[in-house]
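Data first, discussion second: the structure below is written as structure tokens.
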Amino acid sequence: MKIRKELIDALIDIAKNNHPFEFFALLTGKKDVIEEFLYLPFQGGESFALFSPDLLPIGMRILGTVHSHPSRNPYPSQEDIRTFQSYGKLHIIIHYPYCNKCWKAFNSRGEEVEVVVF
Ligand SMILES: [Zn+2]
């Protein structure tokens with residue numbers, strides 16, 4: 001999987017701006033390239049569950065998720081892993097203090113994976 005540098009930088013900015021709250025977004029793109037994110041209004045999990053993939057432009061797919069942790073813990077919780085399993089195959093967690101390298105990527109089982117930033 002690959003992600004553009006501008007995109008990961010923008011996501012880190014959003015995570016920082018939401019501190020001390022978490023934010024969630026869906027990652028979308030084509031094939032194995034993450035091109036955009038969908039920042040969903042999030043209230044207690046409701047809108048996440050209500051999201052319809054039909055709202056995506058043709059050719060774009062949900063490739064994964066991104067969310068932030070307002071702590072220094074970059075690893076997914078059991079609840080995170082359950083969410084991962086519903087939405088694509090690449091899952092990014094951005095963590096405090098939201099530096100350029102304050103993020104990790106995981107597969108749907110919660111195992112750390114490499115992502116190419118380009
Ligand atoms: Zn989490």
Side-chain angles (χ1 to χ4, degrees):
M1 301 288 283
K2 299 179 198 166
I3 188 167
R4 288 189 185 284
K5 177 141 194 345
E6 301 92 80
L7 185 55
I8 189 72
D9 287 348
L11 291 167
I12 291 169
D13 264 358
I14 293 169
K16 192 187 289 181
N17 291 338
N18 275 275
H19 188 79
F21 301 103
E22 291 191 21
F23 93 97
F24 280 86
L26 296 175
L27 297 172
T28 67
K30 293 173 186 153
K31 295 189 181 147
D32 65 343
V33 182
I34 296 162
E35 297 183 349
E36 289 180 51
F37 64 94
L38 284 174
Y39 190 18
L40 303 178
F42 185 74
Q43 290 179 327
E46 291 294 319
S47 55
F48 220 67
L50 291 172
F51 176 75
S52 165
D54 298 343
L55 298 174
L56 288 174
I58 290 171
M60 297 286 273
R61 295 192 300 129
I62 295 172
L63 298 179
T65 67
V66 55
H67 77 282
S68 63
H69 282 176
S71 70
R72 289 177 186 270
N73 172 20
Y75 296 103
S77 64
Q78 286 304 317
E79 195 184 334
D80 286 343
I81 291 169
R82 274 197 296 277
T83 305
F84 291 177
Q85 286 163 354
S86 307
Y87 296 98
K89 57 185 179 183
L90 186 90
H91 305 280
I92 292 175
I93 295 179
I94 299 168
H95 62 91
Y96 182 85
Y98 314 111
C99 64
N100 285 348
K101 295 197 153 98
C102 293
W103 60 281
K104 287 186 185 296
F106 302 89
N107 63 22
S108 298
R109 292 188 299 274
E111 297 158 348
E112 195 171 342
V113 293
E114 289 288 318
V115 182
V116 177
V117 178
F118 71 108

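Nothing here was measured: the structure is a model prediction, and the numbers come from that model. Hydrogens, waters and symmetry mates play no part in the numbers below; they use all other heavy atoms, side chains included. As the structure lists them, so they are numbered: ligands from 1, and atoms in each ligand from 1.
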Would H19 and Y96 count as having a side-chain donor-acceptor pair, cut-off 3.5 Å? no
How does the hydrophobic cluster around F84 look, that is, which other residues are in it when side-chain heavy atoms under 4.5 Å mark a link? Y75, I81, I93, F106
Will you find, in the side chains of H67 and N18, an N or O donor that is under 3.5 Å from an N or O acceptor? no
Test log, rule side-chain contact (heavy atoms from CB on, under 4.5 Å), inputs L11 and I94: CA-CA 8 Å; L11 291 167; I94 299 168; 3.7 Å; yes
Distance col, row F118:CZ vs E6:CD, nearest 0.5 angstrom, shows 8.0 Å
Stepwise side-chain contact (heavy atoms from CB on, under 4.5 Å) check, I92 with T65: CA-CA 6 Å; I92 292 175; T65 67; over 6 Å; no
Pull up every protein N/O/S atom sitting under 2.8 Å from the Zn ion (ligand 1), skipping waters. H67 NE2, H69 NE2, D80 OD1, D80 OD2
